[in-house]
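Here the structure is a predicted model, which means the values were calculated and not measured. Note: hydrogens, waters and symmetry copies are ignored here, and every other heavy atom, side chains too, is used. We count residues from 1, following the sequence as given.
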Amino acid sequence: MDSPEVTFTLAYLVFAVCFVFTPTEFHSAGLTVQNLLSGWLGSEDAAFVSYHLRRTSATLLCHSLLPLGYYVGMCFAASEKQLYSPSQAPETWRLFLLLAVTLPTVACTLIYYWSWDRWACHPLARTLALYALPQSGWWAVASSVNTEFRRIDKFATGAPGARVIVTDTWVMKVTTYRVHVAQQQDVHLTVTESQQHELSPDSNLPVQLLTIHVASTSPAVQAFDIRSRRPAL
């Protein structure tokens, strides 16, 4: 490989990893899906559920475009390979292009399925529908979640890719591609792991990190893990 190929590959790899896992520096620079598409996503405080229906979909699509972005960049970084003309490109690159085009195609198909019937097929909407009364729909439950999220007495902690939110009624975990939701009165909490750390970077005091398994009494609600930090005893 020529030097421009190596340089571009390494630079794009670093960018892709940081764009997916979004370290603090990328958040500060605004290089996140939430910031780049903030006009379309709307406000999380105003409509928590609608915001995350769009955010998870947009994140999936943007991340699926990363391989295609690499291929387009290599068309300029390695122009001698004639990647801009797939019929003349090496077979390995033709296979990579096929993968790079397939990923966003599958992502778009999945997002279209999720958005069917006003997002009723989205995993978050389907989870909320499990808590809906017979005479109402999942949007009624979503309205309750939105109302409780706007209250100032909610508990929220964690990194953007693994936020934990606790309201009067709900326990929620916000991840990159999904929002886990469970009703407090229906869950069993089990401590599955405990780690002792001598110093916390925030307070310079010993802390204990707990991994808590959140399981609903309803088998249809997917269980999830949350991490909590507390001062060590």
Side-chain angles (χ1 to χ4, degrees), residues 21 34 41-60 63 107 109-197 207-233:
F21 296 102
Q34 295 93 312
L41 295 177
S43 170
E44 183 184 47
D45 289 330
F48 176 86
V49 173
S50 296
Y51 174 87
H52 285 287
L53 291 174
R54 295 187 178 96
R55 180 196 63 81
T56 51
S57 301
T59 300
L60 178 64
H63 290 179
T109 303
L110 181 59
I111 293 169
Y112 178 77
Y113 167 72
W114 283 351
S115 64
W116 188 259
D117 191 19
R118 298 179 62 198
W119 296 98
C121 295
H122 191 283
L124 175 55
R126 294 171 67 179
T127 300
L128 295 178
L130 298 173
Y131 296 103
L133 297 175
Q135 65 272 21
S136 64
W138 70 271
W139 273 107
V141 184
S143 178
S144 171
V145 173
N146 292 339
T147 300
E148 293 194 15
F149 182 79
R150 285 194 292 266
R151 295 175 182 167
I152 61 174
D153 59 347
K154 67 178 180 294
F155 172 80
T157 186
R163 290 172 61 206
V164 176
I165 302 167
V166 181
T167 67
D168 292 342
T169 307
W170 305 96
V171 179
M172 298 178 285
K173 179 182 179 180
V174 178
T175 66
T176 303
Y177 304 112
R178 184 158 186 176
V179 179
H180 297 274
V181 180
Q183 205 166 41
Q184 286 194 41
Q185 64 182 14
D186 294 334
V187 300
H188 295 297
L189 304 180
T190 306
V191 177
T192 58
E193 186 180 1
S194 175
Q195 295 180 349
Q196 190 87 9
H197 290 261
V207 295
Q208 187 178 29
L209 294 179
L210 302 177
T211 301
I212 302 173
H213 186 68
V214 181
S216 174
T217 55
S218 171
V221 178
Q222 184 178 357
F224 56 94
D225 292 332
I226 61 177
R227 303 201 71 181
S228 176
R229 183 176 64 180
R230 69 175 188 178
L233 300 177

Side chain to side chain contact (heavy atoms under 4.5 Å, CB included) between Cys121 and Tyr112, intermediate numbers included = CA-CA 9 Å; Cys121 295; Tyr112 178 77; over 6 Å; no
Taking all non-hydrogen atoms of both residues, which atom of [X] and which atom of [Y] are closest, and how far apart?
{"X": "Ala125", "Y": "Ala120", "result": "CB-O, 3.9 Å"}
{"X": "Arg55", "Y": "Arg178", "result": "NH2-O, 4.1 Å"}
{"X": "Leu60", "Y": "Ile111", "result": "CD2-CG1, 4.4 Å"}
{"X": "Leu41", "Y": "Tyr51", "result": "O-CD1, 3.6 Å"}
{"X": "Ala215", "Y": "Ala223", "result": "CA-CB, 4.1 Å"}
{"X": "Val141", "Y": "Leu128", "result": "CG2-O, 3.6 Å"}

Return the [atom1] to [atom2] distance between [X] and [Y], rounded to the nearest 0.5 Å.
{"X": "Phe224", "Y": "Ile212", "atom1": "CZ", "atom2": "CD1", "value": "10.5 Å"}
{"X": "Glu148", "Y": "Asp168", "atom1": "CD", "atom2": "CG", "value": "5.0 Å"}
{"X": "Tyr113", "Y": "Ser57", "atom1": "OH", "atom2": "OG", "value": "13.0 Å"}
{"X": "Arg54", "Y": "Glu44", "atom1": "CZ", "atom2": "CD", "value": "13.0 Å"}
{"X": "Glu193", "Y": "Leu209", "atom1": "CD", "atom2": "CG", "value": "9.0 Å"}
{"X": "His180", "Y": "Thr175", "atom1": "NE2", "atom2": "OG1", "value": "5.0 Å"}

Looking at side-chain heavy atoms only, is the closest gap between Met172 and Val181 below 4.5 Å?
-> yes
Taking C-beta and beyond as the side chain, do Phe149 and Val49 meet within less than 4.5 Å on heavy atoms?
-> no
Candidate pair Trp170 and Tyr131, rule ring pair (Phe, Tyr, Trp, His ring centres under 6.0 Å), full reasoning | CA-CA 11 Å; Trp170 305 96; Tyr131 296 103; 5.2 Å; yes
Val214 and Lys173: side chain to side chain contact (heavy atoms under 4.5 Å, CB included), yes or no, with the steps?
-> CA-CA 10 Å; Val214 181; Lys173 179 182 179 180; over 6 Å; no
Which is it for His122 and His52 under the side chain to side chain contact (heavy atoms under 4.5 Å, CB included) test, yes or no, and what are the steps along the way?
-> CA-CA 10 Å; His122 191 283; His52 285 287; over 6 Å; no
Determine, stepwise, if the pair Thr211 / Val191 fulfils side chain to side chain contact (heavy atoms under 4.5 Å, CB included).
-> CA-CA 6 Å; Thr211 301; Val191 177; over 6 Å; no
Without hydrogens or angle criteria, can the side chains of Ser216 and Gln183 be said to hold a donor-acceptor pair below 3.5 Å?
-> no
What do you reckon, is CZ of Arg150 surrounded by more than 12 foreign heavy atoms closer than 6.0 Å?
-> yes
